[in-house]
Each structure stands twice: as structure tokens, then as C-alpha cells.
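Contents: one structure, followed by commentary.
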Amino acid sequence: MEKTYTLSDTLNREQKEAVLHTEGPLLILAGAGTGKTRVLTNRIAWLIEQGVSPRHILAITFTNKAADEMRERVGRLVGAGSDQIWVSTFHSSCARILRRYADRIGYQNNFSIYDTDDSKSVIKEIIKKWNLDTKVYKDRTFLAKISSFKNHLVDTEDCMELAGSDVDEIMTARVYKEYEAQLKKSNAMDFDDLLLNTVRLFQTDAQVLEQYQERFRYIHIDEYQDTNKVQFVFVRLLAAKYHNLCVVGDDDQSIYRFRGADISNILDFEKYFPEAKTIRLEQNYRSTSNILDAANAVIANNRARKKKHLWTDQGTGEKIACYSAQTAYDEAEHIIEDIRKKMRTEGRKYSDFAILYRTNAQSRIFEEKCIGANIPYQLIGGVNFYARKEIKDMLAYLKTINNGMDDIAARRIINVPKRGIGQASIDKIAQHAFENDITFFDAAVRADQIVGLQRAAARIASFTEPFFKWRSCLDYLKLSEIFDDILETTGYRAELEAEQTEEAAERLQNLEELRNKIVSYEESAETPTLNGFLQEVALVAEIDSLESHSDYVVLMTLHGAKGLEFPVVYISGMEEGVFPGMLAIYSGDEGEIEEERRLCYVGITRAREELMLSWSRLRMVRGEQMYQKTSRFLEEIPKELFQPGAFEHQEKKRISFEDNSYTDAKASFASNAFAGMKKASAFTKAPLDYTTGDRVSHMKFGPGTVTAIQDGGRDYEVTVDFDRFGVKHMFAGFAKLKKQE
DNA sequence: TACTGGATTATTTTT
DNA sequence: TAATCCAGTA
């Protein structure tokens with residue numbers, strides 16, 4: 001008992017309340033940095049302390065990394081037994097359940113897990129097979145729609161019904177149906193299927209459901225604001241028996257609407273569980289008040305949210321820095337320079353810094369600058385390790401060994417490395433497989449019986465034959481040994497070695513790294529299997545690779561930063577069209593802008609002590625230079641929170657492409673930005689209807705006289721002497737000057 | 001069958 | 001800009 005006391009002593013009143021409320025549904029509204037992880041870990045520890053078996057506790061986290069951390073922290077609190085708790089992500093949990101029971105819903109338990117690339121390949125095949133016009137029907141669109149259907153528990157039948165008589169919708173429904181058929185035939189599930197099929201399993205098999213309800217009597221869901229419909233149903237089913245469901249979330253940090261996250265899950269929690277208790281955590285232990293005030297000011301502009309008051313007693317701290325750059329290059333340089341300066345003057349470590357940006361495409365410049373400045377950095381996101389060609393190739397071999405029905409995997413590697421099997425042959429095999437309703441691999445095995453393939457048969461056999469050997473070796477050879485044999489037997493390694501290029505060397509190195517991962521899996525798993533390895537690999541997130549104990553500057557997207565914190569945070573690209581992104585602006589949907597604003601809130605609240613916001617006037621967007629206005633989010637932060645002088649300096653540098661008024665109506669702001677962007681990107685120098693000496697008028701600055709016009713390449717740079725505001729330089733495309741008659 | 005080069009087109013964010 | 005696609009050639 002006394003152990004529990006010390007444990008609760010480190011908690012504030014609300015936190016303690018949340019820890020002690022163990023029976024019945026509980027909603028913890030935990031603002032950024034209010035110690036929700038501490039509450040969760042202490043709560044789990046308390047449960048165990050109360051005699052609840054660790055076996056009966058389930059905790060769903062957002063990433064594998066968060067799961068590991070939580071398990072470790074609970075372990076430190078309670079000692080032995082913590083390894084019995086299920087702590088994992090939604091996807092891993094479902095995969096684990098399905099590995100046992102997928103056969104009850106018509107799959108084999110060794111099913112493959114398709115990543116987005118694989119799914120895309122399936123869609124592409126369908127589009128090709130049906131000769132659809134690729135101008136009209138995009139794989140991306142189908143994929144997004146199918147994913148959305150699955151997240152909303154809409155099956156192919158429902159989908160067809162919903163489509164009504166709309167031609168495009170009917171086509172989508174047909175593609176969806178075919179896609180499902182393909183995956184089923186390949187004994188494969190995509191990411192969404194993991195959840196959907198678990199729900200189906202629970203709904204069709206009362207015995208299995210009951211078993212897991214009994215097992216998970218105490219359920220915890222972290223980042224609840226980012227759950228979608230299927231996840232909600234999954235949770236509801238599991239909790240239906242004991243009702244001991246504790247969810248933690250912050251509606252202001254919901255940033256995954258695009259993948260189906262349904263904010264009403266958290267907003268309406270009390271509706272679904274009328275007996276629910278709600279506890280709000282509002283004391284922030286992370287940031288200084290300047291940072292917190294900025295975050296609060298930004299998020300206050302959102303309408304769809306629960307009002308809350310986050311506060312801190314960490315002191316006011318440093319004011320917020322900002323930097324207005326000419327180019328993205330300049331911006332990166334300044335940030336890197338700032339890091340170096342702080343390393344010298346404040347005695348910081350590299351790992352104190354995080355550079356955040358809206359899109360992965362922005363990362364490259366920072367990478368370059370870090371290399372140039374000799375700063376060790378860790379890039380999170382971008383090209384996933386497991387998405388690299390050589391990795392996917394080798395995994396496809398492993399998948400084909402594991403699940404011969406996996407057509408996507410088999411097709412991927414039938415001619416990799418080159419075996420002289422061309423598209424024509426591959427199509428014939430696929431055709432034969434289709435006609436005889438067998439798998440692609442099996443069709444390849446009997447290539448010698450397929451009309452027109454006799455000549456290629458030997459080459460195809462050289463592909464299929466080794467698989468029989470590998471499959472029979474599975475029981476007595478180690479995974480890593482089979483891996484080595486694949487590299488040798490297929491000549492994959494030899495082919496790369498022969499290339500003698502830097503790129504090939506890098507690929508070889510990546511393969512070595514993959515081998516290391518196999519070895520470490522073999523060492524850590526209690527019963528290592530090929531199946532298990534493939535599952536683990538399919539569900540790792542980029543963020544899982546973040547090494548929090550080593551000394552690196554971290555580069556990542558704002559999304560990636562969720563749940564993390566850093567002493568010093570840089571948020572770059574604070575420009576309309578970048579952040580908020582142009583899709584959000586174009587959509588005209590205020591909800592989209594609000595999502596971006598939440599993302600901004602998440603970004604700001606990552607900072608503990610120092611925050612710098614930066615933007616660039618000029619930015620290269622898909623090969624085109626674009627001039628953009630500063631982000632509206634910047635305007636939403638009270639000026640007095642910024643470092644004194646920071647803005648005067650900006651004003652000068654910013655000249656006046658289009659003024660950003662702090663007082664002006666926000667509404668016109670958005671439409672201006674839109675107009676400006678469109679001009680900057682879409683047009684090439686419309687002829688001007690005024691010349692030097694003409695009287696013109698500007699929307700904001702009023703009347704003035706044109707004193708100079710300079711051809712700036714893409715646009716004219718116009719100098720105007722305004723009657724009331726003095727001389728300003730501006731680009732004609734932005735200024736929208738009207739000639740006065 | 002494999003490779004080259006020109007054309008085309010795409011852009012959030014991630015399990 | 002960068003990745004992907006397609007047509008024509010070896």
C-alpha cells in the first residue's frame with residue numbers, strides 16, 4: 001500500500017483522480033504537455049497494485065515506440081509482470097489477434113499485410129485489366145475512397161448501394177469489389193483490413209469476442225482524438241462486457257482527419273457511455289508561458305472544439321523568435337546557424353533541437369545544410385526504409401516463401417533480378433492464373449504447360465524452383481540463413497556488386513541493415529517465425545526509429561512530432577500555401593483549415609523553452625518559384641509574445657508583396673492568399689496596363705504614383721510611391737494595382 | 001526483352 | 001523538381 005502512496009504523490013489532484021478511477025468508462029481530456037503518459041502509466045501500475053493481473057490490461061498507443069516506452073515505464077513502477085500487459089498499436093493488436101483467428105473469417109493465418117504500395121499495385125492492375133481511362137480514374141483516388149469506406153465499415157455491398165446511379169461511384173464500388181477479391185485471393189490484408197477484419201471476427205464469432213473481452217478487462221486508449229470509426233467499434237466491442245475503458249485525448253490535437261479520424265469519438269464520448277466520468281488535465285508541465293500563450297492564441301481561432309484553459313507555472317521564458325527569409329535556402333541556413341549559436345552560447349546538445357515542417361519535401365534543404373555544417377541529424381519520414389526497392393524486393397521473396405498466394409509479391413520479383421522474363425510472359429502467366437483460378441505463383445510453376453510460354457519455361461522455373469527448397473528449410477534453418485541464401489541463389493547480391501556504383505553500394509548496405517533487423521528479431525522474439533517477422537516489419541512506423549538517447553538534431557514533419565517534446569523547436573515554412581497547405585486553402589472548407597491549425601498547435605506545444613517560427617518569401621514548389629504570404633497562423637499569435645524588434649526587422653525585409661495586417665479581417669486574408677498564389681504559380685507575366693509615372697491605386701495602400709517598373713523575369717517588380725504609405729516595391733502579380741484614369 | 005530519353009504529371013500529412 | 005510513363009530502338 002505505501003508503495004502506491006509514493007506513486008500518487010507525484011501527481012496533481014486531477015491526475016490522481018484519473019489514476020484512481022479504475023471502474024467504468026473514463027474520459028481524460030488531456031491538453032498538450034499535461035502529463036497524460038504519466039497518468040496512464042501510473043494508472044496501470046495502480047491497477048496491478050490493486051491485484052489486477054497484468055494479463056487483463058490492454059493499452060493502445062499510437063506508435064510502437066510509445067508502446068515500448070509505456071511498457072518500460074510501467075515496468076519501472078511495478079517491477080515484474082509488466083511484460084504481460086498488452087501494450088501496442090491498434091494495427092499490431094489486430095494483427096496479433098488475426099494471426100490466431102483469421103481462419104475463422106476465411107483467411108489463412110499466415111496472411112500477408114499489404115502496404116500502400118502493394119495496394120496501389122493491385123488497383124493499377126485492375127485499371128489496366130478493365131482498360132479504364134487513366135486520365136479519369138486515378139489509383140490514388142480509388143485507394144483513398146476504398147480506405148475511407150473501410151474506415152467507415154462500408155463493405156462492397158453497401159458501397160454499391162450507396163453509389164446509386166452515379167457512374168463514377170458505381171465504378172468505385174466495382175473497383176472496390178475487385179480489389180477485395182484480389183486481396184482475398186492473395187490471402188492478404190491491407191492496413192485498414194487489419195482493423196476491419198478484427199471487427200468482423202468479433203461480430204461473427206461470439207466465442208472469440210468473449211475470450212478477448214475476458215482477457216482485456218481494463219482497456220486504455222491513448223491519442224483517442226485520432227481514432228476512426230472502425231477503431232471506435234473495435235474498442236466498443238472489447239469494452240462491452242466490463243466497461244472499464246479509459247480513453248485519453250485532446251480534441252485540439254486531432255490531426256488525422258485525412259485518414260478517417262473522427263473527432264466526434266472524443267466529443268461524444270459521454271453520449272456513448274452515459275455513465276462516463278470526465279477529467280480534464282489543464283496544467284501544462286512542458287512549456288513556458290510565452291510558448292503556451294502562443295499555442296492557446298492560435299487554437300482559440302478554431303470553432304469546433306471543447307473550450308479549455310491550459311496554464312503553466314514554468315515561468316514566462318524566452319519570447320518567440322521568428323525569421324523572414326528570402327529563400328528556403330536562406331531559411332534553412334539561418335536555422336542551422338541558430339542551432340550552432342545556441343550550441344555555443346547556451347551549452348545545448350544536438351538532441352535539444354527539432355526542425356519541423358509541413359511536408360516531407362521540405363526536409364531536403366535542411367538535410368543538405370546539416371551535412372554542410374557538420375551537424376548530426378536524424379531524419380524521420382520521407383522514404384520509409386521498408387519502402388526502398390531492394391528492401392521491398394527481398395521482403396517479396398520472404399513473403400512469397402511465407403504465403404505463396406501473395407500475387408503482388410510474386411509478380412514483383414519474378415524478373416528481379418533479371419531472368420529474361422518479359423512483360424508478355426508475365427501477362428500470360430497472370431492470364432492463366434486468372435482463367436484457372438489459381439495463384440500467380442502456381443501458374444508460374446506450371447509455365448511449361450501454358451501455351452506460348454514453352455520458350456520461357458526454363459527461365460520461369462529458375463524463379464520458382466528455389467522456393468520449394470526455401471520453404472522446406474524454414475523449420476531447421478535460421479531466418480537470416482535463408483535470407484543469405486536468397487541473396488546468393490538469386491544472384492541479387494552479385495548483380496548489385498557488379499554495378500560498381502555508389503547507389504548500388506548503398507543498396508547493399510540497406511540489405512545488410514535488413515539482415516541486422518532479421519537477426520535482432522531472431523534474438524528478441526520468443527518464438528521467431530518468418531510470419532512474425534513479416535508482420536513486425538509491415539507495421540513499423542517511421543517514428544519508431546527515432547533514437548531518443550543519441551545526440552542528433554531531429555528533422556521531421558509536424559505530424560511526426562506528435563507526442564514528442566524538445567527544448568528548442570523550429571517550425572519552418574510558415575507560409576500560406578505551405579502551412580496551411582494549399583489543399584486546405586483551396587478546399588474552401590473551414591474544417592480543413594481548422595485541422596491545419598490544430599497541427600500548428602501541436603507544433604508549437606512541442607517546444608519546452610524556445611520556439612522559432614520562420615518563413616520564406618520565395619519557395620520552389622514543384623519546380624516553380626512561388627511567392628507566398630506569411631501564414632495566417634503567424635498573425636494569430638499576439639505580437640507581444642515575439643522577441644522585441646523581431647518584427648520590425650521582418651517588416652523591412654518583407655518589403656511589401658502584399659501587406660499582412662494584424663488587424664484586418666481574417667476572411668479577406670484567405671481569399672487574398674488564394675488569389676496571390678494562383679497568380680504566382682499559374683501565370684507568366686501578364687502585360688501591365690500602367691507604366692512609370694501613372695497614377696495607380698492599391699487595395700491596402702490606396703493611391704500612389706508608379707516610379708519604376710523592372711522586369712523581374714517571372715513577374716514585373718513595380719515601385720510605387722504611395723501618397724500615404726511612401727515607397728513600396730511589389731510584384732505586379734501580387735499587388736493587383738488598378739490604374740487611375 | 002531491355003533500355004533510353006522525352007513527355008507528362010504530381011504534391012500534404014501515415015498505420 | 002523529381003518521379004513516373006510511354007514510345008521507339010537495339
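Lettering follows sequence order; numbering is per chain, from 1.
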Worksheet item: Residues in side chain to side chain contact (heavy atoms under 4.5 Å, CB included) with A:Ile450, at least two apart?
Response: A:His432, A:Leu453
Rounded distance (Å) that lies between atom [atom2] of [N] and atom [atom1] of [X]:
| X | N | atom1 | atom2 | answer |
| --- | --- | --- | --- | --- |
| A:Asp544 | B:dT14 | CG | C1' | 12 Å |
| A:Ile571 | B:dT13 | CD1 | C1' | 15 Å |
| A:Arg140 | B:dT8 | CZ | C1' | 16 Å |
| A:Met189 | B:dT15 | CE | C1' | 16 Å |
| A:Lys120 | B:dA10 | NZ | C1' | 10 Å |
| A:Lys138 | B:dT9 | NZ | C1' | 8 Å |
| A:Ile380 | B:dT14 | CD1 | C1' | 14 Å |
| A:Asp222 | B:dT15 | CG | C1' | 15 Å |

Examine [N]: is either OP1 or OP2 under 4.0 Å from a nitrogen or oxygen in the side chain of [X]? Give yes or no.
| X | N | value |
| --- | --- | --- |
| A:Asn360 | B:dT14 | yes |
| A:Asn415 | B:dA2 | yes |
| A:Asn384 | B:dT14 | no |
| A:Lys135 | B:dT8 | no |

Worksheet item: Should A:Glu69 and A:Lys65 count as an ion pair when the cut-off is N to O under 4.0 Å?
Response: yes
Practice prompt. Would you mind telling me which residue lines up with the more 5' stretch of DNA chain B, A:Phe62 or A:Lys418, judged by nearest nucleotide?
Written response: A:Lys418
Worksheet item: Taking for each residue the nucleotide of DNA chain B bearing the nearest heavy atom, is the 5' side occupied by A:Arg419 or by A:Leu599?
Response: A:Arg419
Set of residues satisfying side chain to side chain donor-acceptor pair (under 3.5 Å) with respect to [X], sequence neighbours excluded:
| X | value |
| --- | --- |
| A:Thr198 | none |
| A:Ser121 | none |
| A:Gln454 | none |

Base, sugar-phosphate or nothing for [X]? Non-hydrogen atoms, less than 4.0 Å.
| X | answer |
| --- | --- |
| A:Lys562 | nothing |
| A:Tyr256 | sugar-phosphate |
| A:Gly623 | base |
| A:Gly581 | nothing |

As a test of reading the structure: which of [options] is closest to the side chain of [X], going by heavy atoms?
| X | options | answer |
| --- | --- | --- |
| A:Thr116 | B:dT13, B:dT15, B:dT9 | B:dT15 |
| A:Ala541 | B:dT13, B:dT9, B:dT15 | B:dT15 |
| A:Ala424 | B:dT1, B:dT15, B:dT13 | B:dT1 |

Worksheet entry | Polar pair under 3.5 Å, donor/acceptor by atom type, side chain A:Ser425, base B:dT1 | no
Worksheet item: With side chains defined as the heavy atoms from C-beta onward, is the minimum distance between A:Phe232 and A:Ile221 less than 4.5 Å?
Response: no
Fill in: Under the ring-ring contact (aromatic ring centres under 6.0 Å, His included) test, residues paired with A:Phe258 that sit two or more places apart
A:Tyr256, A:His559
Worksheet entry | Outermost DNA chain C nucleotides near chain A [under 4.0 Å, heavy atoms] | C:dT1 to C:dC5
Practice prompt. Look at the aromatic rings of A:Trp86 and A:Phe216 and report parallel, tilted or perpendicular, splitting at 30° and 60°.
Written response: tilted
